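Below you'll find the structure, written out as structure tokens, and then a few comments.
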Amino acid sequence: MRFPLVVPSVILPVLWALALVQSLDFQFPNFTDSDINQLIIRAPNSRIAYDAIQVTPDSNGAPMDNKAGRVLYKWPFRLWSNGGKNASFNTTFVLNIKSQTDPGGEGLAFILTEDTDVPDGSEGQWIGIVNPTLNGSIEARTVAVEFDTRKSFPDDLDDNHIGLDVNSVYSRRSVSLNGRGIYLSKGEDVRVDVRYDGKNLTVFVGEDKKNPVISEHLNLSDYLPENVYVGFSGSTSDKTQLNCVRSWQFSGSEIKDSKLRWVWILVAVGSVLILLISIGIALFLYRKRGCQVDRLEDAYPNIDEAILGSSTAPRKYKFKELSKATGNFNPKNKLGKGGFGTVYKGILGNKEVAVKRVSKKSTQGKQEFMAEVTTIGNLHHRNLVKLIGWCHERREYLLVYEYLPNGSLDKYVFCDEKPGTQEATLSWEKRLSVISGAAQALDYLHNGCMKRVLHRDIKASNIMLDLDFNAKLGDFGLARTIIRNEQTHHTTKELAGTPGYMAPESILTGRATTETDVYAFGVLVLEVACGRKPGGQTERDDYISNIVHGLWELYRRGTILEGADPRLDGIFKNEEMECVLILGLACCHPNPNDRPSMKTVLQVLTGEAPPPDVPAERPVFMWPPKPPSFKEWGNSIIGGELSPFSEISGR
Ligand SMILES: *[C@@H]1O[C@H](CO)[C@@H](O)[C@H](O)[C@H]1NC(C)=O
Ligand SMILES: *[C@@H]1O[C@H](CO)[C@@H](O)[C@H](O)[C@H]1NC(C)=O
Ligand SMILES: *[C@@H]1O[C@H](CO)[C@@H](O)[C@H](O)[C@H]1NC(C)=O
Ligand SMILES: *[C@@H]1O[C@H](CO)[C@@H](O)[C@H](O)[C@H]1NC(C)=O
Ligand SMILES: *[C@@H]1O[C@H](CO)[C@@H](O)[C@H](O)[C@H]1NC(C)=O
Ligand SMILES: *[C@@H]1O[C@H](CO)[C@@H](O)[C@H](O)[C@H]1NC(C)=O
């Protein structure tokens with residue numbers, strides 16, 4: 001066992017959860033090289049030099065014109081909470097702006113933003129705040145106090161003003177400093193105080209603390225996500241200046257949201273439990289297979305991977321490279337076709353990969369594509385198909401995944417596919433390991449990673465098998481939405497998923513939840529054990545065509561083992577088969593509140609817990625559902641606060 005690794009992975013989530021609820025307070029009386037660790041500095045344009053933040057290049061050799069830069073505090077600030085609570089903050093900084101041309105250009109800004117990156121094309125009049133595409137769009141999620149030193153477009157007040165910018169550089173309020181005897185770009189220190197009390201944003205400049213330059217009612221939660229980065233942006237154009245911040249102090253209040261704090265602590269404790277359970281599974285598999293000691297370490301590569309997570313982010317490929325790798329998307333290299341595009345086999349370097357070319361008809365937008373690449377790219381689990389890279393060029397969206405030579409599970413469990421082409425059937429032992437692998441992957445998505453991810457399309461054809469027939473959950477590149485915060489409910493509701501795997505309530509509500517994923521997982525378990533397709537979708541379907549109804553009927557009669565795949569020729573342990581079938585039924589309970597969580601599923605699969613109680617008669621589907629008949633502490637509380645709902649987008 002690698003205890004040195006196990007211990008930090010137990011402690012880190014706890015520390016992380018505690019850190020999350022801390023307030024933000026910091027002070028930089030000046031800036032030195034050692035402060036780099038506490039800042040996000042968007043080089044090459046921004047850096048620390050001469051005891052100050054140089055938001056755009058200092059004159060030291062580098063060209064200064066047409067540059068945009070950003071420097072932000074490394075840890076985000078919690079601005080508001082779902083309970084309608086607003087944080088407040090006070091920040092004081094000293095700016096020093098010196099024109100290098102006459103006049104200088106363009107300006108500096110204090111920003112609150114979701115995105116730490118400098119938007120492409122935000123130099124010149126855009127002051128590093130937004131670019132022409134983001135200007136005026138709610139997607140910008142940036143609020144700024146600009147210190148504009150150049151009149152760069154007709155609506156701009158003058159070359160010495162302060163503006164309040166919301167998702168735009170066109171200020172909703174701008175005030176000239178000329179009347180106050182303050183000149184921004186003269187190379188003098190200008191002290192600025194920005195205060196936000198949860199309702200009003202107030203800006204003072206200079207020593208005058210009585211008469212604010214700007215005081216504006218502003219509901220920041222209308223424009224910004226819950227957690228924002230704070231810092232500075234700036235730009236130059238063909239006119240240049242030194243944009244320096246010499247000192248900076250920030251103090252933000254903590255949102256006392258005791259309920260949420262408990263949720264985080266519970267999440268942390270939950271992840272510790274999951275870890276212990278996973279270790280249990282590792283031991284279980286080890287004992288079961290009777291392999292060498294090495295296996296145990298192999299069974300747990302995701303500790304290392306989780307820690308190295310960010311350094312293994314997917315890389316960007318050129319369209320040309322991917323086109324070449326797949327022989328110009330030669331139909332001969334086609335591996336399959338899904339709802340979102342076509343998958344080709346390719347060779348990159350000397351590695352085999354699977355390249356998915358997202359169909360142009362798909363409604364997937366650039367923002368969603370990017371969000372998915374970054375979030376999915378940072379998920380690492382041995383039972384998830386790994387995302388290696390991506391490409392966006394010429395209106396083409398491409399994703400590069402690891403290539404799995406054995407293809408998808410459905411080829412191995414359904415005998416009635418295409419006669420003659422069927423593969424050898426999988427042994428019961430392999431099937432058990434596939435089920436357990438899929439369960440671990442889904443538990444990781446639901447409970448193991450920082451942002452809960454819903455797969456939304458669990459089914460046999462989305463489970464890929466590696467050379468040793470280990471299950472890897474795939475096709476989650478496009479099928480689900482990440483829960484960023486509960487505000488992102490804008491998309492239209494369309495039903496996603498595959499008939500037969502969809503929980504009855506999802507057809508009514510059109511929403512995906514952890515429970516609908518568990519339902520689909522249950523169907524998958526039954527398919528694998530029974531070796532047959534799930535059949536139709538409707539409630540009325542009889543037990544011959546619908547796998548869930550059929551198996552429930554056998555269960556009622558006390559003959560559930562008759563459901564086992566006949567091609568297994570009875571070569572399995574009866575208790576194991578019965579346990580798996582009952583677990584599958586429990587996951588397919590018509591009442592979402594009565595389905596087990598993935599945590600419980602894992603416990604059942606490792607033998608730590610008995611299969612859940614399943615009523616002999618399949619209960620009638622009712623909506624809205626009854627409250628849970630037993631409370632699972634983790635789920636019920638999280639369910640209330642971090643509601644796992646995600647909107648469903650086109651398929
Ligand atoms: C910068 O601030 C530190 C305190 O954090 C102080 O010790 C140091 O003297 C300051 N340097 C200058 C040049 O003001
Ligand atoms: C900000 O300053 C005001 C006035 O000095 C003070 O009342 C308030 O408590 C401060 N807020 C924070 C978060 O420090
Ligand atoms: C930028 O957005 C503002 C709205 O915030 C709009 O009035 C202005 O016309 C936009 N400018 C450009 C160049 O798109
Ligand atoms: C949060 O801000 C909104 C709008 O600015 C305000 O109406 C509301 O009262 C604030 N909430 C608290 C708890 O101060
Ligand atoms: C917020 O600003 C408005 C005017 O801009 C002012 O009337 C109001 O008193 C301010 N509220 C607070 C809490 O400072
Ligand atoms: C402020 O925004 C929050 C979230 O968008 C909203 O619940 C609240 O009603 C808003 N308050 C005002 C006064 O607009």
Side-chain angles (χ1 to χ4, degrees), residues 21-28 66 68 73 75-81 85-93 105-107 109-115 119-146 148 150-157 161-174 191-224 226-228 230 233 235 237 247-257:
V21 292
Q22 303 265 302
S23 59
L24 199 64
D25 257 300
F26 55 82
Q27 242 176 351
F28 296 103
N66 290 312
Y73 191 62
W75 291 279
F77 176 53
R78 175 108 187 273
L79 199 56
W80 54 272
S81 80
K85 294 190 180 160
N86 313 325
S88 57
F89 64 83
N90 293 333
T91 184
T92 302
F93 44 87
E106 289 279 335
F110 171 71
I111 58 173
L112 300 137
T113 182
E114 175 179 47
D115 191 2
D120 283 342
S122 64
E123 66 273 1
Q125 68 180 72
W126 305 100
I127 317 187
I129 300 172
V130 289
N131 61 19
T133 323
L134 288 171
N135 174 51
S137 141
I138 54 161
E139 297 297 317
R141 290 192 241 280
T142 304
V143 168
V145 177
E146 61 163 45
D148 198 339
R150 176 142 192 256
K151 182 170 164 62
S152 38
F153 49 90
D155 292 344
D156 229 0
L157 190 59
H161 68 265
I162 297 197
L164 176 62
D165 301 349
V166 176
N167 290 333
S168 159
V169 287
Y170 289 69
S171 309
R172 68 156 61 180
R173 169 69 45 99
S174 58
R191 186 188 143 105
V192 180
D193 287 277
V194 178
R195 294 190 190 151
Y196 182 64
D197 60 2
K199 297 188 172 88
N200 280 12
L201 189 106
T202 312
V203 183
F204 298 93
V205 178
E207 299 311 316
D208 185 353
K209 295 284 174 312
K210 293 236 160 60
N211 304 301
V213 178
I214 288 179
S215 178
E216 180 92 354
H217 185 82
L218 187 64
N219 194 0
L220 286 177
S221 56
D222 284 349
Y223 309 104
L224 293 172
E226 236 177 296
N227 292 301
V228 291
V230 293
S233 71
S235 72
S237 58
S247 71
W248 182 23
Q249 184 215 319
F250 184 100
S251 76
S253 67
E254 174 184 337
I255 298 179
K256 294 233 169 33
D257 212 349

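Atom set for the values below is all heavy atoms of this structure, side chains included, hydrogens, waters and symmetry mates excluded. The model shown is predicted, which means the values in this text are computed figures rather than measured ones. Atoms within each ligand, like the ligands themselves, are counted from 1 in listed order.
- Close approach of ligand 3 to S168 (heavy-atom distance below 4.0 Å) involves ligand atoms 2 (O), 3 (C), 5 (O).
- Rounded to the nearest 0.5 angstrom, F110 CZ and T91 OG1 are separated by 5.0 Å.
- Heavy-atom contacts of G136 reach the following atoms of ligand 3: 2 (O), 5 (O) (cutoff under 4.0 Å).
- Ligand 3 has no N or O atom lying under 3.5 Å from any N or O atom of N167, backbone or side chain.
- Heavy-atom minimum distance, I111 versus A144: CG2-CB, 3.5 Å.
- For Y73 and F250, the ring centers are positioned 6.0 Å apart or more.
- A donor-acceptor contact closer than 3.5 angstrom is absent between the side chains of S235 and E106.
- S88 and D197 share no side-chain donor-acceptor pair at under 3.5 Å.
- With sequence neighbours excluded, the residues that form a salt bridge (charged side-chain N to carboxylate O under 4.0 Å, His left out) with R173 are E216.
- Counting only N and O atoms by type, the side chains of D115 and T113 include no donor and acceptor under 3.5 Å apart.
- The contact shell of ligand 2, taken as protein residues with any non-hydrogen atom closer than 4.0 angstrom, comprises S88, N90, S251, S253.
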